[in-house]
Visitor: 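I have a structure here, written as structure tokens, and I will follow up with some questions on it.
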Amino acid sequence: MADIHNVTEFIFLGLSSNQKVERVCFVIFLLLYTAVVLGNLLIMLTVATSRSLGSPMYFFLCHLSFVEICYSSNIAPKLISDLLVQRKVIALGGCMAQVFFLHLFGGAEILLLIVMAYDRYVAICRPLHYTSIMNRKVCAVLVGIAWLVGFVHSFAQILLIFHLPFCGPNIIDHYFCDILPLLKLACVDTYLIGLLIVSNGGTLNVVSFAVLLASYVVILWHLRTQSAEGRLKALSTCGSHLTVVILFFAPCFFIYLRPSSTTPMDKLVAVFYTVITPLLNPIIYSLRNAEVKKAVKKLWIRTLKVDEK
């Protein structure tokens with residue numbers, strides 16, 4: 001068996017074979033990744049320093065921003081650096097690590113979105129009991145569960161491919177390591193493993209999306225009895241969250257709810273969920289939330305006053 005595990009590195013084909021196009025992509029993705037990090041750090045800093053953003057909703061938002069930074073940082077820096085070189089190489093161990101953390105942060109984000117939906121359900125449907133139900137201990141436990149589920153999901157995925165033999169070729173038609181492209185390079189029949197992988201990721205996505213959809217149906221049904229002002233405020237908050245949910249799950253369904261194969265469209269979809277979505281989330285939450293915008297302005301004013309001194 002040792003002789004057929006002779007692949008020690010993989011070579012990415014990248015986004016394009018045209019070097020001029022890659023130079024342009026380098027500038028674009030460098031700016032996008034910088035915006036992802038700074039935008040999500042701004043939300044985290046704003047929530048941490050603002051007394052008006054002390055509710056559980058913003059506690060979860062802060063953790064979501066942290067996950068977005070980690071998720072994008074697992075892929076974007078390698079992508080950006082590879083755009084400047086002709087030979088894009090990653091070690092076997094680095095490839096496996098990239099797969100593991102991709103699914104760890106992705107799974108954690110899915111559960112955080114569910115936790116945020118539950119928070120909105122309690123706030124809207126059981127407002128009198130909100131502070132007792134969503135106390136600090138409960139919030140910390142829910143975030144811990146999100147990370148635990150992400151770890152279990154990722155561990156199950158990596159376990160299916162970790163012992164696969166790779167004896168060549170070692171060229172991946174992608175710009176990062178993911179499970180489905182790796183299956184094509186294995187020296188054994190991976191049909192059953194591919195079904196298990198797609199079932200694992202697909203089940204998590206479908207069940208999570210169904211739970212989220214059901215929670216918002218219940219919330220919308222409950223809003224019938226509230227005043228017009230209360231409905232508008234609740235719909236504004238839920239609308240931001242629902243937009244983020246759709247942006248996250250649409251690419252997931254494209255990847256997992258189809259046969260275990262790779263297509264050129266996968267690269268475009270991957271760009272969306274590794275760089276674009278983590279950038280859009282802080283924009284969506286800040287632009288559609290008056291409290292966040294007010295807190296950001298106060299933080300900006302305090303920063304300017306400190307600089308003047």
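Since this is a predicted model, take the numbers as computed values, not measurements.
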Visitor: Mind checking whether Ile110 and His153 have side chains closer than 4.5 Å, heavy atoms only?
Guide: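 Counting from C-beta outward, Ile110 and His153 never come under 4.5 Å.
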Visitor: Could you tell me whether the side chain of Phe12 reaches within less than 4.5 Å of the side chain of Asp173, counting heavy atoms only?
Guide: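 SC-SC contact between Asp173 and Phe12 ruled out.
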Visitor: Do Ile11 and Leu84 share a hydrophobic cluster, counting only Ile, Leu, Val, Met, Phe, Trp and Tyr and linking them when any side-chain heavy atoms are less than 4.5 Å apart?
Guide: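 The answer is no; the residues belong to distinct hydrophobic clusters.
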Visitor: Calculate, to the nearest 0.5 Å, the distance between atoms CG and OG belonging to Leu213 and Ser208 respectively.
Guide: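 Here the rounded value is 12.5 Å.
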Visitor: Measuring from Met44:CE to Ser65:OG, what's the distance to the nearest 0.5 Å?
Guide: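 That separation rounds to 7.0 Å.
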Visitor: Does the side chain of Leu111 reach to within under 4.5 Å of the side chain of Leu148, using non-hydrogen atoms?
Guide: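 Contact flag for Leu111/Leu148 side chains = no.
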Visitor: Scan residues 127-141 for pairs that pass side chain to side chain donor-acceptor pair (under 3.5 Å), counting only residues two or more places apart or in two chains.
Guide: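 Output for this query lists Asp119-Tyr130.
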Visitor: Which atoms form the tightest heavy-atom contact between Leu212 and Leu113, and what is the distance?
Guide: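 That closest heavy-atom pairing would be CD2-O, 3.4 Å.
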Visitor: A side-chain contact here means heavy atoms from C-beta on lying under 4.5 Å apart; do Leu183 and Leu164 qualify?
Guide: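 Yes, at least one pair of side-chain atoms sits under 4.5 Å.
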Visitor: Tell me the side chain to side chain donor-acceptor pair (under 3.5 Å) pairs involving residues 83-93, sequence neighbours left out?
Guide: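 Side chain to side chain donor-acceptor pair (under 3.5 Å) check on residues 83-93 returns Glu9-Arg87, Glu22-Lys88.
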Visitor: What residue pairs, at least two apart or across chains, pass disulfide bond (SG atoms under 2.5 Å apart) with a residue in residues 111-159?
Guide: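 Sorted result for residues 111-159: empty, none.
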Visitor: For Leu79 versus Tyr175, what's the shortest heavy-atom pair and its separation?
Guide: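 So the minimum-distance heavy-atom pair works out to CD1-CD1, 3.7 Å.
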Visitor: Could you check whether any side-chain N or O of Asn18 sits under 3.5 Å from a backbone N or O of Lys20, counting only pairs where one atom can act as donor and the other as acceptor?
Guide: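 At least one qualifying donor-acceptor pair exists.
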Visitor: On the 0 to 90° scale, with breaks at 30° and 60°, tag the His63-Phe59 ring pair as parallel, tilted or perpendicular.
Guide: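 It falls in the perpendicular class, over 60°.
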Visitor: With a 4.5 Å limit on heavy-atom distance, are the side chains of Gln157 and Leu160 in contact?
Guide: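 Answer yes - side chains close enough.
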Visitor: Could you tell me whether a side-chain N or O of Asn74 sits under 3.5 Å from a main-chain N or O of Gln98, the two making a donor and an acceptor?
Guide: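 Yes; at least one donor-acceptor contact below 3.5 Å.
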Visitor: So which atom in Leu53 and which in Tyr58 form the shortest heavy-atom distance, rounded to 0.1 Å?
Guide: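 Leu53 and Tyr58 have their closest heavy atoms at O-CB, 3.5 Å.
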Visitor: Is Tyr273 reachable from Ile28 through a run of hydrophobic residues whose side-chain heavy atoms are each under 4.5 Å from the next?
Guide: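 They do share one cluster, since a chain of ILVMFWY contacts under 4.5 Å joins Ile28 to Tyr273.
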Visitor: Between Asn40 and Phe66, is the side chain to side chain contact (heavy atoms under 4.5 Å, CB included) condition met? List the steps.
Guide: CA-CA 7 Å; Asn40 283 287; Phe66 174 71; over 6 Å; no
Visitor: So how far is it from Gln19 CD to Leu83 CG, rounded to the nearest 0.5 Å?
Guide: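 Reported value, rounded in 0.5 Å steps: 11.0 Å.
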Visitor: Say you draw a straight line from CE of Met57 to CE of Met116; how long is it, rounded to the nearest 0.5 Å?
Guide: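 One gets 7.5 Å once the value is rounded to the nearest 0.5 Å.
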Visitor: Is it true that atom CZ of Phe272 has more than 12 heavy atoms of other residues, nucleotides or ligands lying nearer than 6.0 Å?
Guide: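 Yes - once you tally the heavy atoms of other residues, nucleotides and ligands closer than 6.0 Å, there are more than 12.
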Visitor: What do the steps show when you test Asp82 against Val89 for side chain to side chain contact (heavy atoms under 4.5 Å, CB included), and what is the final call?
Guide: CA-CA 8 Å; Asp82 280 348; Val89 182; over 6 Å; no
Visitor: Check the surroundings of atom CZ in Arg126: do more than 12 heavy atoms from other residues, nucleotides or ligands lie under 6.0 Å from it?
Guide: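 12 or below, so no.
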Visitor: Examine distances only and state if a side-chain atom of Ser154 and a backbone atom of Gly150 form a donor-acceptor pair shorter than 3.5 Å.
Guide: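 Such a contact is absent between Ser154 side chain and Gly150 backbone.
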Visitor: Write out all pairs satisfying disulfide bond (SG atoms under 2.5 Å apart) with one or both partners inside residues 70-115, taking only residues at least two apart or from two chains.
Guide: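 Listed once each, the pairs are Cys95-Cys177.
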Visitor: Any side-chain heavy-atom pair from Leu92 and Met96 closer than 4.5 angstrom?
Guide: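 Yes, at least one pair of side-chain atoms sits under 4.5 Å.
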Visitor: Output, in order, the C-alpha distance, side-chain angles, deciding distance and verdict of ring-ring contact (aromatic ring centres under 6.0 Å, His included) for Phe176 and His174.
Guide: CA-CA 6 Å; Phe176 67 93; His174 217 307; 4.6 Å; yes
Visitor: Going by heavy atoms in the side chains, are Ile179 and His103 under 4.5 Å from each other?
Guide: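 Contact flag for Ile179/His103 side chains = yes.
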Visitor: Decide whether Val21 and Val27 are clustered together by the hydrophobic rule: side chain heavy atoms of Ile, Leu, Val, Met, Phe, Trp, Tyr closer than 4.5 Å, transitively.
Guide: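 No, because Val21 and Val27 fall into different hydrophobic clusters, even though each may have its own neighbours under 4.5 Å.
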Visitor: Test of understanding: with salt bridge (charged side-chain N to carboxylate O under 4.0 Å, His left out), list the residues that count as partners of Arg51, not counting sequence neighbours.
Guide: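 Expected list: none.
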Visitor: Quick one: does Ser81's side chain have a donor or acceptor within less than 3.5 Å of a partner on Lys78's backbone?
Guide: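 Checked: pair present.
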Visitor: Specify the closest pair of heavy atoms between Ala35 and Leu279, including all atoms of both residues, with the distance to one decimal.
Guide: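 Heavy-atom minimum between the residues: CB-CD1, 3.4 Å.
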Visitor: Taking all non-hydrogen atoms of both residues, which atom of Leu185 and which atom of Ile172 are closest, and how far apart?
Guide: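 Looking at all heavy atoms of both residues, the closest pair is CD1-CG1, 3.5 Å.
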Visitor: How long is the gap from CD1 on Ile124 to CG on Leu220, to the nearest 0.5 Å?
Guide: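 If I round to the nearest 0.5 Å, the distance is 8.5 Å.
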Visitor: Please report the C-alpha distance between Phe105 and Phe101 in whole Å, then the side-chain angles of each, then the deciding distance to 0.1 Å, and finally whether the side chain to side chain contact (heavy atoms under 4.5 Å, CB included) criterion is met.
Guide: CA-CA 6 Å; Phe105 298 133; Phe101 287 111; 3.8 Å; yes
Visitor: Working to the nearest 0.5 angstrom, can you tell me the gap between Ile43 CD1 and Leu38 CG?
Guide: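 Spacing of CD1 (Ile43) from CG (Leu38) equals 12.0 Å.
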Visitor: The test is side chain to side chain contact (heavy atoms under 4.5 Å, CB included); show your working for Phe155 and Phe162 and say whether it passes.
Guide: CA-CA 10 Å; Phe155 184 76; Phe162 188 75; over 6 Å; no
Visitor: Determine, using the 4.5 Å side-chain heavy-atom cutoff (strictly less than), whether Leu41 and Leu112 are members of one ILVMFWY cluster.
Guide: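 Cluster IDs for Leu41 and Leu112 match.
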Visitor: Are Ile90 and Leu13 grouped together when hydrophobic residues (ILVMFWY) are joined by side-chain heavy atoms under 4.5 angstrom apart?
Guide: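 Each belongs to a different hydrophobic cluster.
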Visitor: Within the structure provided, determine whether Val188 and Thr190 are in side-chain contact (heavy-atom separation under 4.5 Å).
Guide: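 Side chain of Val188 against side chain of Thr190, heavy atoms only: contact under 4.5 Å found.
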Visitor: Can you name the closest pair of heavy atoms from Ser72 and Pro77 and give their distance?
Guide: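 Scanning both residues, the minimum pair turns out to be O-CD, 3.8 Å.
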Visitor: Quick one: which residue pairs count as a side chain to side chain donor-acceptor pair (under 3.5 Å) with a foot in residues 24-34, not counting sequence neighbours?
Guide: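 Sorted pair list: Tyr33-Ser73.
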Visitor: Ring centres of Phe10 and Phe166 under 6.0 Å apart?
Guide: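 For Phe10 and Phe166, the ring centres are under 6.0 Å apart.
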